Each structure stands twice: as C-alpha cells, then as structure tokens.
Number of protein chains: 2
Amino acid sequence: MPAEIATLVAFFKVLADATRLRIVGLLAVEERSVDELATLVEVRPPTVSHHLSKLKKLGLVSVRSEGSTRWYRLEIEAVERLAREVLAGEGLTSIGDEVEAAAEDAYALKVMQTFMEGDRITQLPRQWRKKMVLVRYVAQQFEPDRTYTEPEVKAVIAPIHADHVTLRRLLVDVGWMVRDKAGREYRLNPERVAEL
Amino acid sequence: MPAEIATLVAFFKVLADATRLRIVGLLAVEERSVDELATLVEVRPPTVSHHLSKLKKLGLVSVRSEGSTRWYRLEIEAVERLAREVLAGEGLTSIGDEVEAAAEDAYALKVMQTFMEGDRITQLPRQWRKKMVLVRYVAQQFEPDRTYTEPEVKAVIAPIHADHVTLRRLLVDVGWMVRDKAGREYRLNPERVAEL
DNA sequence: GCCGGACTTCGATGTTCATCTAATTAGATG
DNA sequence: CATCTAATTAGATGAACATCGAAGTCCGGC
C-alpha cells in the first residue's frame, strides 16, 4: 500500500494540536473519563468531546460506557500501525512518485506553453529540466526505425527552432539520438525510444 | 530527551497539509526549483515559497542558489531524526507522564473544591478516582508511626464527614491503612505512606 | 545600466478549526 | 417522575493559516 496522501494528512492533522496530543498522552497511560481529561488539560468538557470525536474517527481511541460516564482509552496498536505505515522507509518518497507521475505532464505542458508559439520554439530556456521538455518534443518529431542524413535532420528541426545545430547536439548529448559509425547519419536511439 | 510537546506539535503541524506533503514528496525524489514545484503541485510560486519557508524553519529542507534559481532539497536525515524522536518507544506515554505530573495536583484541587466545604466533605463522589482524592485527604489527617483505636479513628474522621464507617473501610480497602493482627487497632500502612 | 526572469515579501481574503456557552440527551438516584 | 450528573450537540467567536495578486529584491544577459 503506497500510503494515500489524504490518509497521511489526516493522521498528521489529528496530532497537530497541543491539546489533542496531551489527551493522547494521558490516554496512553490509562483510561480516562471526559471530565478527568477536561480537568487535566484545562479545557471545558465540550472541547474534550470535540477532540475525542476526532481521535475516534481515526480509530485512535475507543470508548467504554459505565453508567453515564464514558471511559476512553488509546488504541495503541492503531496508533503504532498508522505511525509505522506513515513513516516507514520510503513512505515519503513514494508520495513523490505519486505526485510526480500525476503532474509531470502538466509541467511539460506549461513549459511548452511558455517557450513555444504554435509549433515553434520561440526561445530555449536556460534551466536544464525545462530544456529537456523541449528537446523531448523535438525528438518526438522524428520517426523511429529510420535514419536521417544531416540535411534531413535540419529539415525536421529548423521549422521548429532556428538554432537547429544546438538542438541536434542536445539530442545526441542526451542520448535520444545517435550517429552511425561513419558519423554521417542520425537516427533515434532504439533503446530509449520508450522514454519519448 | 522526553520529546517536548511543542516540538511534536510543530512537526505534525508542518506535515499536516496536503500541498506541503506533496512538496516534501517531490523533494524526497530529487532537488527542485520553486517554479517546478509550483507547476507540479498546481499552486502559485508565492504559495510554494510560503510552504518552503515553513519547512526550512524546521530544518526539513535546505537551499542551494544557482543564479537566480533556488534549488531546494529534502534533509532526509533531519526528517528521519525527527520522526524517530517522535515515535521512539514510549514517546506518547512519556507525554502522558509529563502532563499528568503537571496537572494531577490541579485535578485533586478541583475535586476537593467540588466535594468539600472548608475542612468537611459534603458528599462522597461516585467515581472511583474522585473518591480516591478525598480518601487520600482523610488519610493525610492521620499521623504515621502511631496506632489508633477504633474510637480514635472515628474521632479523626467524623469531623470531616458523617459517614466515618464508609471512609474507614475505604482506607483499609485501598491499603493506606492497616489493622493489627488482633483487629483492634489501626495505623497508616508504613509501606505506602510515601504515596500520601 | 537597464530588462527579464526567479524568487520572496506584503497585504488581503476566505476557510478551517479550537474553544467557549447554552441547550439537549441519556443514566442514575431518591 | 423530578432531579442531578456526565456527556454530546449546536451555534458563535476568534485565531491561525493557505492562497492569491501585487510589489519588491536579486541575479544574469544584452
């Protein structure tokens, strides 16, 4: 399970309050009634009720009724399970992957909107990552499984951007395009076509 | 170190926001500029700046300037150190102890204010824990290191509360008071005087 | 030395949320 | 049944805060 962002936020949010944390701390020692908690943390009973309902919604506490008194206790296993799940190993990096996968396209789109007009690149950005977006776009204009002579390469790139020499060099540097042994013809690198 | 409550709250609070969590997730993968982050999480750069400054204040991210671009990256060690500290063993129960030690007196005071008038117990509460506060008070009226006959016990308790029989029985049940072998004389339990 | 881009700071706005009082429900007691 | 106590719910208030646009700062290029 990749730890849903919403789950993580909910978990952190419920613990991101001093009063609630102190209640949790007290319940970690032994079970307590609402009234006791209210006195111990120095807030009014309704406030304690409010906090307990939030904790209960996450399953962090449970209740036992005895007469009109309600004894709350901490579900320690639940707390530890959630905590471990949240902070375990690459819990955070997995969020990164999730977000990235969902938003990388949007990022590319924005870069292209900024540095292109129609099908032409108006200007090459200085930042490497942005430049790569455009280089990828150019690479996509070539067909896989065929070779191009240098004039043919120029014929593809020049309509997109005046500085076709720089772009061709970038394509090779990045590895999306390769030259044959003679250094006379170009073609898309078959091993990296999948990235495009 | 017992994990200050304020520290815990600060830690949870900074992670208790979806946008901030996604930023952290992205930075966990690799370093990013403000602009990239803004595009990826779909908020404006000022908002990203705002979040990054909060993360920086906790030392969770660091910056590297390159021209006018600022590359942020996650301080993974710091995150893990904090996380470990937060979840270390009985992290939560230690909060309990802290709060309890600081507030137990206040609790006893409130119970006594509710169920006593001056030096007299007006009514015995039904809740065990509250009852114990008053029984402790009664126990404190006896001197350690001496014995009391039953009439003498009555002489101590009766001015405090009419139902001296119930209170005497509670004192014995709880273990703060013991009877000698003959069952004729009472005295404070020397092994538990420290609790009073 | 001015322009453009990346970033931060400022000020305003709207939402979320902890807290309170007052009113309500539900149990126990006489 | 009337009453008292414990707890929850409802409603109101105020503070914290995420977000934005606008203005300010800082850097590199022409």
Side-chain angles (χ1 to χ4, degrees), chain A residues 6 9-10 12-24 31-58 61 63-72 107 110-111 113-115 122-131, chain B residues 6 9-10 12-24 31-58 61 63-72 110-111 114-115 122-131:
Chain A
V9 174
F12 288 127
K13 217 172 228 167
V14 83
L15 294 180
D17 177 86
T19 303
R20 217 146 44 216
L21 256 196
R22 300 201 304 171
I23 288 175
V24 169
E31 64 178 9
R32 300 278 190 174
S33 70
V34 173
D35 225 45
E36 287 174 347
L37 292 171
T39 307
L40 288 169
V41 305
E42 295 178 301
V43 296
R44 301 274 153 203
T47 305
V48 173
S49 249
H50 167 71
H51 289 308
L52 287 172
S53 88
K54 294 210 159 189
L55 292 168
K56 193 145 52 85
K57 199 164 293 176
L58 274 258
V61 303
V63 212
R64 173 179 72 84
S65 279
E66 180 184 307
S68 63
T69 302
R70 284 172 135 94
W71 295 98
Y72 283 84
Y107 175 62
K110 186 213 166 191
V111 170
Q113 286 172 343
T114 303
F115 295 94
T122 53
Q123 183 197 357
L124 270 185
R126 295 197 304 287
Q127 273 188 23
W128 180 257
R129 199 187 311 275
K130 291 180 182 172
K131 205 154 31 181
Chain B
V9 173
F12 288 128
K13 215 171 230 167
V14 84
L15 295 179
D17 177 85
T19 302
R20 217 147 41 216
L21 254 196
R22 301 201 303 170
I23 288 175
V24 169
E31 64 176 9
R32 299 278 190 175
S33 68
V34 174
D35 227 42
E36 287 175 347
L37 292 171
T39 307
L40 288 168
V41 304
E42 293 175 303
V43 295
R44 303 276 152 201
T47 306
V48 173
S49 247
H50 167 72
H51 289 308
L52 287 172
S53 86
K54 293 210 159 189
L55 291 169
K56 194 146 49 85
K57 198 164 294 176
L58 274 256
V61 303
V63 212
R64 173 178 72 84
S65 280
E66 179 183 308
S68 62
T69 302
R70 283 173 134 94
W71 296 97
Y72 282 84
K110 185 211 165 193
V111 171
T114 304
F115 294 95
T122 53
Q123 183 197 356
L124 270 183
R126 296 197 304 286
Q127 272 190 22
W128 180 258
R129 198 185 311 273
K130 292 180 182 171
K131 206 154 31 182

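None of these values were measured; they are calculated from a predicted model. Just so we're on the same page: letters track the sequence lines, and every chain starts at 1.
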Exercise for the section: Output yes when at least one side-chain N/O atom of A:Thr47 is less than 4.0 Å from OP1 or OP2 of C:dC20, else no. Expected result: yes

Exercise for the section: Nearest-nucleotide wise, let me know which of A:Pro46 and A:Gly67 is further upstream toward the 5' end of DNA chain C. Expected result: A:Pro46

Exercise for the section: Output the single nucleotide from C:dC7, D:dT19, D:dT8 whose closest atom is nearest the side chain of B:Asp17. Expected result: D:dT19

Practice task
Give the rounded distance in Å between these two atoms: NE2 of A:His51 and P of D:dT9.
Solution key: 15 Å

Practice task
Pick base, sugar-phosphate or nothing for A:Lys54, based on heavy-atom distances below 4.0 Å to the nucleic acid.
Solution key: sugar-phosphate

Completion exercise
Rounded to the nearest 0.5 Å, the CG atom of B:Asp17 sits from the CZ atom of A:Phe12 at a distance of 12.0 Å

Practice task
May I have the distance from A:Lys13 (atom NZ) to D:dC17 (atom P), rounded to whole angstrom?
Solution key: 12 Å

Practice task
Take the protein atom CZ of B:Arg70 and the nucleotide atom P of D:dG28, then report the distance between them rounded to whole Å.
Solution key: 12 Å

Exercise for the section: Kindly indicate whether the side chain of A:Trp71, heavy atoms from C-beta on, has any atom under 4.5 Å from the side chain of A:Arg64. Expected result: yes

Handout entry: Nearest to side-chain heavy atoms of B:Ser68, which nucleotide of C:dA18, D:dC27, C:dC20
Key = D:dC27

Practice task
In whole angstrom, give the distance that lies between atom CZ of B:Arg32 and atom P of C:dC7.
Solution key: 13 Å

Exercise for the section: Return no unless some side-chain N or O of A:Thr19 is found under 4.0 Å from OP1 or OP2 of C:dT19. Expected result: yes

Exercise for the section: Give the nucleotide from the list D:dC17, D:dT8, C:dA6 with an atom nearest to the side chain of B:Thr69. Expected result: C:dA6

Problem - Which nucleotide in C:dT8, C:dC20, D:dA7 has an atom nearest any side-chain atom of B:Tyr72 - result: C:dT8

Fill in the blank from the handout: 5'-most contact on DNA chain C (nearest-nucleotide basis), A:Arg20 vs A:Glu66, goes to A:Arg20

Exercise for the section: Round to a whole Å and report the spacing from CZ of A:Arg44 to C1' of D:dA6. Expected result: 15 Å

Exercise for the section: Indicate yes or no for a side-chain donor-acceptor contact from B:Arg20 to the backbone of B:Lys13 under 3.5 Å, with no hydrogens or angles considered. Expected result: yes

Practice task
Quickly work out the B:Trp71 CH2 to D:dC27 P distance and round it to whole Å.
Solution key: 18 Å

Handout entry: Given C:dA18, D:dT19, D:dC20, the nucleotide with the shortest approach to the side chain of A:His50
Key = C:dA18

Fill in the blank from the handout: Out of D:dT9, C:dA18, D:dC17, minimum distance to the side chain of A:Ser49 belongs to D:dT9

Completion exercise
The reported gap from OG1 in B:Thr47 to CD1 in B:Ile23 (rounded to nearest 0.5 angstrom) is 8.5 Å

Fill in the blank from the handout: Here the distance between atom P of D:dA6 and atom CG of A:Leu52, to the nearest Å, is 16 Å

Problem - Pair assignment for D:dA7, Watson-Crick or G-U wobble, requiring both distances under 3.5 Å - result: C:dT24

Exercise for the section: Please work out if A:Ser33 contacts a base, only the sugar-phosphate, or nothing of the nucleic acid, heavy-atom cut-off 4.0 Å. Expected result: sugar-phosphate

Exercise for the section: Examine distances only and state if a side-chain atom of A:Glu42 and a backbone atom of A:Thr39 form a donor-acceptor pair shorter than 3.5 Å. Expected result: no

Practice task
Round to a whole Å and report the spacing from CG of B:Leu55 to P of D:dA18.
Solution key: 10 Å

Handout entry: Test item: B:Val24 and B:Val14 side chains (from C-beta on) under 4.5 Å apart, heavy atoms
Key = no

